Amino acid sequence: LTTVGGHVEISSTSELTSVSFPKLQGVGGAVAIRNNSKLNSINLNSLMQTNWFFEISNSLISNVDNLSSLKSVGSSASREYNYFALYQNMELLNVDGLSSLTTVAGYLGIYNNLKLLNINGLSGITNTKELYLHNNPALLNVDGLINLKTVGGILTLYNTSITNLNGLTNLTNLTYS
């Protein structure tokens, strides 16, 4: 399987521990991996783009290393469905595997990942429509956003543990449209 014209959704499985599509390169719609309470491994290491959203939530993954080819999420044609989100992944430590990600056409959201230590893997992102970092209590800084220049809508950092905003020093445009 190398391409999917529509969506890939893997949701609400109670025993699934691994998802592996190592040759999948592109998805015409969305990728949603949600509510898989025992999921601890995801291998999408050839995936380069989705035309709609990409979401991983409510899993036990500790990293996203096997997303290392992902470059682009969303397109202008599907604006309301463009986002990249990682939330409620209780064992997620880092997002280093996202170092190839440069484009998120809509919002970028990282929520409720209790053990997330850093977002250094987001250093390739230079602009996004909206940015949400909420309730990641182990996250102390936003250094991984060092190359972010433009947020075209909303920027919210709701995280009591962040000690500095040095990673936002190159942010030059924060607009609302």
Side-chain angles (χ1 to χ4, degrees), residues 1-75 78 80-125 128 130-140 142 144-145 158-159 161:
L1 183 64
T2 58
T3 59
V4 172
H7 306 301
V8 174
E9 181 168 0
I10 301 167
S11 297
S12 302
T13 65
S14 60
E15 299 300 320
L16 185 68
T17 60
S18 177
V19 170
S20 184
F21 297 103
K23 295 180 181 180
L24 183 63
Q25 296 177 5
V27 176
V31 173
I33 302 173
R34 305 175 174 144
N35 302 317
N36 301 292
S37 59
K38 293 185 180 177
L39 184 67
N40 60 31
S41 174
I42 296 173
N43 181 357
L44 298 171
N45 63 344
S46 295
L47 183 65
M48 292 184 279
Q49 72 167 28
T50 67
N51 288 340
W52 284 24
F53 64 84
F54 186 98
E55 175 184 320
I56 300 173
S57 61
N58 297 304
S59 78
L60 296 177
I61 60 167
S62 61
N63 64 64
V64 289
D65 291 351
N66 285 323
L67 293 175
S68 59
S69 296
L70 187 61
K71 293 179 175 141
S72 174
V73 173
S75 69
S78 60
E80 68 271 18
Y81 299 109
N82 292 331
Y83 65 86
F84 180 91
L86 294 172
Y87 62 92
Q88 294 177 332
N89 297 294
M90 298 309 163
E91 300 297 323
L92 185 64
L93 299 173
N94 65 66
V95 294
D96 293 350
L98 297 175
S99 60
S100 294
L101 186 62
T102 58
T103 304
V104 177
Y107 78 78
L108 172 62
I110 312 281
Y111 309 95
N112 301 325
N113 299 290
L114 301 181
K115 296 182 180 180
L116 183 64
L117 298 171
N118 71 67
I119 55 171
N120 296 342
L122 299 178
S123 63
I125 297 190
T128 187
E130 299 170 5
L131 174 64
Y132 302 96
L133 292 175
H134 293 195
N135 298 322
N136 299 295
L139 185 64
L140 300 179
V142 292
L145 299 174
Y158 181 75
N159 202 335
S161 300

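Residue indices begin at 1 and follow the sequence shown. The structure displayed is predicted, hence computed values, not measured ones.
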Flag the pair [X] / [Y] as yes when at least one side-chain heavy-atom distance between them is below 4.5 Å, and no otherwise.
X    : Y    : result
L86  : L116 : no
N63  : D96  : no
S69  : S100 : no
F84  : L98  : yes
V95  : L67  : no
N89  : S59  : yes
L24  : V31  : no
L131 : L145 : yes

Is a donor on one side and an acceptor on the other found under 3.5 Å between the side chain of [X] and the backbone of [Y]?
X    : Y    : value
T128 : G106 : yes
N113 : N136 : no
N82  : S75  : yes
H7   : G29  : no
T103 : S72  : no

Given side chain to side chain donor-acceptor pair (under 3.5 Å), test N118 with N94 step by step and report yes or no.
CA-CA 5 Å; N118 71 67; N94 65 66; 5.8 Å; no
